[in-house]
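To keep things clear, I will list the structure first and then write my remarks on it.
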Number of protein chains: 2
Amino acid sequence: MPPAARERNRRGEGERLREDIIEAATALMERAGCDEGLTLRGTARAVGVSPQAMYLHFDDLTTLVLAVLGRCHALMSSVMEAAAAEWDDPVERVLARGRAYITWGMANPGLYQVMYEGRVQAVHEPGEVPPGRKVLWAVRDDVTAAMASGRIPEGDAGLIAVQLWALVHGLVSLRANKPHFPWPDPLALADAGGRRIMGVGAGS
Amino acid sequence: MPPAARERNRRGEGERLREDIIEAATALMERAGCDEGLTLRGTARAVGVSPQAMYLHFDDLTTLVLAVLGRCHALMSSVMEAAAAEWDDPVERVLARGRAYITWGMANPGLYQVMYEGRVQAVHEPGEVPPGRKVLWAVRDDVTAAMASGRIPEGDAGLIAVQLWALVHGLVSLRANKPHFPWPDPLALADAGGRRIMGVGAGS
DNA sequence: ACCTGAACACCGTTCAAGT
DNA sequence: ACCTGAACACCGTTCAAGT
């Protein structure tokens with residue numbers, strides 16, 4: 001098919017092309033299911049512009065991927081925090097975040113793969129705290145609160161938060177990459193595993 | 001550099017080229033750290049043969065990757081079972097397999113990525129049980145034995161085995177893909193998480 | 001039986017040029 | 001200020017041919 005020609009932007013409208021590029025790249029990345037799916041030339045075709053025009057807004061393919069990833073991480077984190085906000089009990093807040101993590105990852109397997117399994121690494125300023133880190137800290141704080149109230153046994157809340165992260169990432173990642181395995185319901189699995197890691201119901 | 005020319009094989013020595021190709025492909029896959037690192041042409045150059053010669057032994061790039069993956073899965077599984085064989089206690093056998101899994105994954109990040117995060121899916125005959133599945137079953141059986149002896153609380157051993165798999169895969173995968181995060185010792189993390197998931201030390 | 005030369009359609013990226 | 005034409009060195013894959 002001939003590339004849908006795009007009418008030339010006027011002065012000051014260069015920003016619009018940048019937005020269009022990010023949007024098209026996100027769609028391509030999600031559809032293809034991996035960073036392999038995202039090509040500079042393919043994105044240019046989708047936007048209706050020459051491959052070289054990409055370099056007016058992005059230094060290279062990596063920079064474009066980073067722009068897409070920034071949006072994804074912010075979005076995913078906000079979804080997780082929104083899920084946590086519906087509960088008062090710190091244990092339920094932690095489990096709700098885990099379910100939101102898995103739900104988002106399963107709904108966006110292509111983007112998730114680039115976010116958590118791709119070679120493009122998000123780079124942050126020295127003082128900047130990435131959104132994912134904030135969520136991890138929130139989990140750690142909720143675990144600490146649950147310990148303080150005697151809801152779960154004492155332990156190292158930071159280590160538990162990392163174990164919970166590994167569990168949910170492991171479930172999303174394995175499910176996506178080993179589709180032939182007879183997976184049990186990942187949400188139930190994450191809830192059960194999360195409770196076990198936190199020690200919910202373990203004899204005090 | 002000029003491709004190191006390889007002397008032509010005699011009749012019946014075509015098998016040797018096949019072996020050389022798989023070996024070179026494994027090295028390239030490990031060095032590059034991802035399937036992206038493995039190119040048909042690059043492997044051909046490393047072996048000292050023309051790109052077209054690859055098609056004498058492999059239908060396409062995917063088939064070559066599958067040949068490498070078959071060896072990797074068999075090797076990793078045998079390492080895990082060897083680690084388990086050093087213990088009598090079923091709980092310790094499970095934890096030993098987890099440590100072996102993580103140790104292998106961290107020692108071979110490039111191969112691990114292709115095995116568990118790549119788009120190339122290993123295909124098995126209807127009746128064939130892949131080596132990784134056998135290890136998972138062995139874990140499930142050890143968990144069952146630990147329950148039967150009262151070492152850990154009762155529960156669904158199959159679900160616990162999957163949770164343990166997700167935990168160790170999650171640790172290896174996240175560690176490889178988020179190198180900027182201040183990771184605690186993954187072996188200690190896997191041991192602690194594994195004990196919690198199995199309910200070791202939980203009040204009976 | 002074993003392997004290569006030449007070609008095709010892709011890719012990221014660069015440089016000079018056009019409006 | 002905004003964008004493209006033409007080119008370079010890569011890639012997987014195919015087809016016809018060489019020893």
Side-chain angles (χ1 to χ4, degrees), chain A residues 1-22 24-25 28-29 31-69 114 118-121, chain B residues 1-22 24-25 28-29 31-69 114 118-121:
Chain A
M1 57 187 166
R6 173 198 167 90
E7 74 276 20
R8 197 188 187 76
N9 274 339
R10 318 236 188 100
R11 304 217 156 177
E13 290 197 351
E15 246 351 84
R16 241 205 68 200
L17 175 55
R18 189 191 154 86
E19 291 305 308
D20 289 356
I21 290 174
I22 293 186
L28 283 174
M29 231 157 87
R31 191 150 358 131
C34 55
D35 25 6
E36 199 125 300
L38 183 68
T39 64
L40 245 173
R41 290 175 110 106
T43 310
R45 268 194 303 273
V47 179
V49 92
S50 76
Q52 301 89 322
M54 310 296 283
Y55 290 92
L56 297 174
H57 294 286
F58 305 96
D59 283 347
D60 49 22
L61 182 56
T62 299
T63 312
L64 171 55
V65 172
L66 283 177
V68 175
L69 288 192
V114 184
R119 9 202 165 314
V120 176
Q121 285 298 321
Chain B
M1 59 188 165
R6 173 196 167 92
E7 75 274 21
R8 196 187 187 80
N9 274 338
R10 318 235 188 98
R11 305 216 156 178
E13 291 197 349
E15 245 353 82
R16 239 204 71 200
L17 176 55
R18 190 191 153 86
E19 291 304 308
D20 289 356
I21 290 175
I22 293 185
L28 284 174
M29 232 156 86
R31 194 153 351 135
C34 55
D35 25 6
E36 196 123 302
L38 183 68
T39 63
L40 244 174
R41 291 175 109 107
T43 309
R45 268 194 303 270
V47 178
V49 91
S50 76
Q52 302 87 326
M54 310 295 284
Y55 291 91
L56 297 174
H57 296 284
F58 304 95
D59 285 344
D60 49 21
L61 183 56
T62 298
T63 313
L64 172 54
V65 172
L66 283 177
V68 175
L69 288 192
V114 184
R119 12 204 163 309
V120 176
Q121 285 297 322

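Letters A, B, ... mirror the listed sequences (proteins, then strands); counts begin at 1. In what follows, every heavy atom counts, from backbone to side chain, and hydrogens, waters and symmetry copies are set aside.
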Starting at [atom1] of [X] and ending at [atom2] of [N], how long is that distance when rounded to a whole Å?
X       : N      : atom1 : atom2 : value
B:His57 : C:dT4  : NE2   : P     : 10 Å
A:Asp59 : C:dG12 : CG    : P     : 15 Å
A:Asp20 : D:dC2  : CG    : C1'   : 14 Å
B:Leu64 : D:dC11 : CG    : C1'   : 15 Å
A:Met54 : D:dT4  : CE    : P     : 11 Å
A:Phe58 : C:dT14 : CZ    : P     : 16 Å
B:Leu17 : C:dA1  : CG    : P     : 16 Å
A:Leu61 : C:dT14 : CG    : C1'   : 16 Å

- request: Check A:Val47 against A:Ile21 and note the closest heavy-atom contact, atom names and distance.
  value: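 In terms of heavy atoms, the two residues are closest at CG2-CA, 3.9 Å.
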
Using a heavy-atom cut-off of under 4.0 Å over every strand shown, decide if A:Leu40 touches base, sugar-phosphate, or nothing.
-> sugar-phosphate

- Any side-chain heavy atom of A:Leu66 within less than 4.5 Å of one from A:Phe58?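 Result no, sub-4.5 Å side-chain heavy-atom pair not found.
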
Counting side-chain heavy atoms from C-beta on, which of [options] comes nearest to [X]?
X       : options               : result
A:Val49 : C:dG12, D:dC11, D:dC3 : D:dC3
B:Gln52 : C:dG5, D:dG5, C:dC3   : C:dG5
B:Leu56 : C:dT13, D:dC3, C:dC2  : C:dC2
A:Arg41 : C:dC11, D:dT13, D:dC2 : C:dC11

Distance below 4.0 Å between [X] side-chain N/O and [N] OP1 or OP2:
X       : N      : answer
B:Ser50 : C:dC3  : no
A:Arg45 : C:dC11 : yes
A:Tyr55 : C:dT13 : yes

pair_partner(C:dG5), Watson-Crick or wobble, both distances < 3.5 Å, evaluates to D:dC15

In A:Thr63, A:Val68, A:Leu69, the residue satisfying side-chain contact (heavy atoms from CB on, under 4.5 Å) with A:Val65 is A:Leu69

*asked:* To the closest 0.5 Å, what do you measure between CG (A:Leu38) and CZ (A:Arg31)?
replied: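 Output value for this atom pair is 11.5 Å.
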
- Task: Report the distance from atom OG1 of B:Thr39 to atom CG of B:Leu28, rounding to the nearest 0.5 Å.
- Result: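 Between atom OG1 of B:Thr39 and atom CG of B:Leu28 there are 7.0 Å.
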
